[in-house]
Amino acid sequence: MNGPIGRFVDRGEHAMFTAYFPAAVEQPRFAVVLVNAFASETEIFRVHFVHFGRALAAAGIPALRFDYVGYGDSQGDFEAACPASMEADIEAAIEEAKRRSGASRVVLVGLRFGATLAARVAARRDDVEQLVLWEPLVKPWDDLFAQLRATVSMQTVLFKDVKATRDQIVENLLAGRPTMVGGYDLNVIDDGYPLGREMVEQTKRIDLLNEGTSRARTLVLHVRRNPGQPSKKLVEYRDRLAQQGVDVTLDTVVESTLPWLHEATYSTMSPNLYRTTLDFLGAGRERERNVDSVVEAP
Amino acid sequence: MSEEPVTFQSGANRLSGMLHRPDGAPSDVAVLFVHSGARGRLGSTFQYPVAARALAKKGIASMRWDPSGMGDSEGRIDDTKMLDFFGSIQAGCFVADTLAAIEELDRQVAPKKLVLWGLCGGGITALLAAPRAKRKIDGLVLLSTPVLLDSAQQSPLETISAEHAASHLWTLYAKKLLSLEAYKRLFRMESDIETIKTYATAFVKGTAKKIARKVKNRIAPPPPDAPARPLHPRQNPHYLEALSAMVQKDAKLLMLYGETDSLRYDFWNEVYEPLVQKDEAYGKRVEVHLVEGCNHLFTLREWQAAALRHFDAWLPKVATP
């Protein structure tokens, strides 16, 4: 097993952290860029991407993960991160993956909000060979607004009352003012990540059903705890891509834990997501030979 | 200030970390951030990078790192119940990695004085590792550190103290006592009956036990050499041994708990009242603060800033020769 090679990439005012998983091949056909999700999901899923990066490298596919500017090990402030800046980070990560691997094309593998952003980036580039979207958020504002519930619950503990509703917080954010209550700025999400105006403004406008699409072969994966059908939204999204002439597959993957739901089980790997994705990337034989040893080693 | 990815060996695994160096000559004191519970080198809401940068601005070098199987570090952690995972941390599963990280920070920075900083599981790991380090550990900053052992075999009733149950019920339901709508929801079975029942039972059982103990002591006073009260059934012997060892080594400890963190009651009952308050050796070396409004993971920037303010005020105790 190899640890990734960490390096900062210059992103103007701030440096962006990248971790590269080299593969033992001279001229790879493509490199995989792993695009993480939003806020706490990125902390929780970081190790899942690391294990997948190792699995890809073992299958002869170089991979790179990165932290958006303002996230994790990257410099900058979380509240300044927004879809535009995060998409620019994805583009910088693509260039870094190509430079380090020598590949001329990339595959983007994104999780949830990261999948949404990856799809948008892929739509405006011609070097994305394939696109793998793990549980993409078709209209991410719906999820972000739902996550603001945590900020409301926090108030019942802090003040025994709700002093600022979700709508008031959003209104303040859009007006560029803090939501000050009892010395705290409640313009936060997901238990304490500070939100910025651009994040709200731009996320509200994103709807994958009404945007340009990439022509890249695409795999959309719905992840559930038990076998079942993909969600309505994802079926709609698949149909929309198919109408645009995209070679798209929508599939359901069962994992025993869904880390982004903060479950009672500590998990560091998503083996079925890895296997389905590797098969899609044509690494099935390599997977059998190498990858299962990474995923399943005792 | 500079930030530099580092890797180092711990047993069979190569661990990954981030070294923060200040501009100019660093202070005599360096800080090693020990993993933040299950969140490795980042911490909830990325508080470890935020804190490391704040320290670098004050001239203090620091290192954050992922233990085996977390983040970018090698190794694997199999799927496990969260409480069992915490239990393994509380028994010291990341101590060897921490000792390797201490040696790496020594190699990189060679500070005269070293402080370990850990939150939740990282706090207990830091405390357990400190007495075993080859070099002197001068100070420990322990946030929300559990003093009891966790296991998925325990029922919720065993893990909720009477004090926390009372505080939780009061916080969430006091206002609803006068709300007609709340009673309607209760009768329609729309309230979270299971939670109310669990916390109410924990409160009643815990309080009854305390009263019974007091009555028993009054009727038949224990002999003078008997312990003041029985050990908690989930007592972590490793915690008490390590704390005693660090007090004997004259290390300085800063312990911070969030006001709304249920773990603070365990700390108060098992460590603060019997040791810090009653034993001068502990009282002189252990500084304790409750951070107003703060939760278990110090998730808001305001609480993280409060922790740094306490650290600034406490640091001279460590830095003074």
Side-chain angles (χ1 to χ4, degrees), chain A residues 1-8 15 17-19 39-40 42-44 46-47 49-51 53-54 65 67 70-75 77-79 150 153-154 156-161 182-186 188 190-194 256-257 262-269 271 294-295 297-298, chain B residues 1 3-7 12-18 36 38-50 53 64 66 69-86 152 168 170-175 259-260 292-295 297-304:
Chain A
M1 210 179 327
N2 294 311
I5 303 164
R7 189 191 296 179
F8 282 104
F17 178 77
T18 64
S40 73
T42 62
E43 289 169 43
I44 296 165
R46 184 170 64 114
V47 65
F49 268 159
V50 169
H51 282 297
R54 287 195 187 110
R65 76 159 196 89
D67 293 336
Y71 280 58
D73 288 314
S74 290
Q75 295 169 356
D77 296 323
F78 183 87
E79 53 266 50
S153 317
M154 182 184 270
T156 61
V157 177
L158 276 173
F159 316 118
K160 299 183 177 57
D161 202 358
Y184 299 103
D185 183 357
L186 296 179
V188 296
D190 202 5
D191 276 340
Y193 291 85
S256 55
T257 55
H262 303 261
E263 294 191 295
T265 298
Y266 185 69
S267 99
T268 60
M269 291 193 204
V294 176
V295 173
Chain B
M1 294 188 299
E3 294 170 25
E4 177 194 331
V6 291
T7 64
N13 296 324
R14 194 97 195 134
L15 307 188
S16 294
M18 190 66 67
S36 169
R39 304 286 173 98
R41 70 184 189 225
L42 300 179
S44 294
T45 65
F46 307 133
Q47 63 185 277
Y48 274 12
V50 168
R53 286 169 194 145
R64 309 177 277 111
D66 291 319
M70 272 193 206
D72 287 324
S73 288
E74 290 178 355
R76 60 177 286 156
I77 300 168
D78 288 326
D79 282 11
T80 176
K81 295 275 179 203
M82 201 61 102
L83 283 175
D84 286 336
F85 178 53
F86 290 150
H168 184 80
W170 181 252
T171 300
L172 292 186
Y173 298 107
K175 261 194 98 176
E259 190 188 10
T260 65
E292 194 187 340
C294 180
N295 62 10
L297 293 174
F298 281 69
T299 51
L300 286 180
R301 292 282 184 260
E302 287 87 347
W303 299 328
Q304 294 157 20

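Below, each value reflects all heavy atoms present in this structure, side chains not excepted, and no hydrogens, waters or symmetry copies. Throughout, a chain's letter reflects where its sequence line sits, starting with A, and its residues are numbered from 1.
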Q. Roughly how far, to the nearest 0.5 Å, is CG of Leu300(B) from CG of Leu186(A)?
A. 7.5 Å

Q) Under the 6.0 Å and 45° cation-pi test, does Arg41(B) pair with Phe17(A)? A) yes

Q | Residue Asp84(B) versus chain A: region with a heavy atom under 4.5 Å | A | neither

Q: Select one option (side chain, backbone, both, neither) describing which atoms of Phe78(A) are under 4.5 Å from chain B's heavy atoms.
A: side chain

Q) Who among Asp66(B), Thr7(B), Leu297(B) has the most heavy-atom pairs with chain A under 4.5 Å? A) Asp66(B)

Q) Can Asn295(B) and Val157(A) be said to form a side-chain contact (heavy atoms from CB on, under 4.5 Å), step by step? A) CA-CA 9 Å; Asn295(B) 62 10; Val157(A) 177; over 6 Å; no

Q.
Using every non-hydrogen atom in the two residues, find where Thr268(A) and Asp79(B) come nearest and quote the distance to one decimal.
A. N-OD1, 4.0 Å

Q.
Give me the atom names and distance for the closest heavy-atom approach of Asp72(B) to Arg65(A).
A. OD2-NH2, 2.8 Å

Q: Select one option (side chain, backbone, both, neither) describing which atoms of Met70(B) are under 4.5 Å from chain A's heavy atoms.
A: both

**Q.** Which portion of Ala19(A) sits near chain B, non-hydrogen atoms under 4.5 angstrom
**A.** side chain

Q) Taking all atoms of both residues into account, what is the closest heavy-atom pair of Arg39(B) and Arg46(A), and its distance? A) O-NH2, 4.0 Å

Q: Can you see which heavy atom on Gly72(A) is nearest to which on Pro49(B), and at what distance?
A: O-CG, 3.4 Å

Q | Geometric class of the Tyr266(A)/Phe85(B) ring pair [parallel <30°, tilted 30-60°, perpendicular >60°] | A | parallel

Q | Option that, when pairs with chain A are counted at under 4.5 Å, heavy atom only, ranks first among Met18(B), Lys81(B), Glu4(B) | A | Met18(B)

Q) What part of Gln47(B) gets closer than 4.5 Å to chain A, counting heavy atoms only: side chain, backbone, both or neither? A) neither

Q: Would you check if the side chain of Thr299(B) reaches a backbone N or O of Gly192(A) as a donor-acceptor pair within less than 3.5 Å?
A: no

Q: Sort Thr80(B) into side chain, backbone, both or neither according to what part of it lies under 4.5 angstrom from a heavy atom of chain A.
A: both

**Q.** Asp185(A) bridged to Arg301(B) by N-O distance under 4.0 Å
**A.** no

Q.
Looking only at heavy atoms and a cut-off of under 4.5 Å, which of Pro194(A), Ser256(A), Ala39(A), Gly53(A) has the most pairs with chain B?
A. Pro194(A)

(Q) Among Gly40(B), Cys294(B), Gly43(B), which residue has the highest count of heavy-atom pairs closer than 4.5 Å to chain A? (A) Gly43(B)

Q: Please round to the nearest 0.5 Å and tell me the distance separating atom CG of Asp78(B) and atom CE of Met269(A).
A: 7.0 Å

**Q.** Which portion of Ser74(A) sits near chain B, non-hydrogen atoms under 4.5 angstrom
**A.** backbone

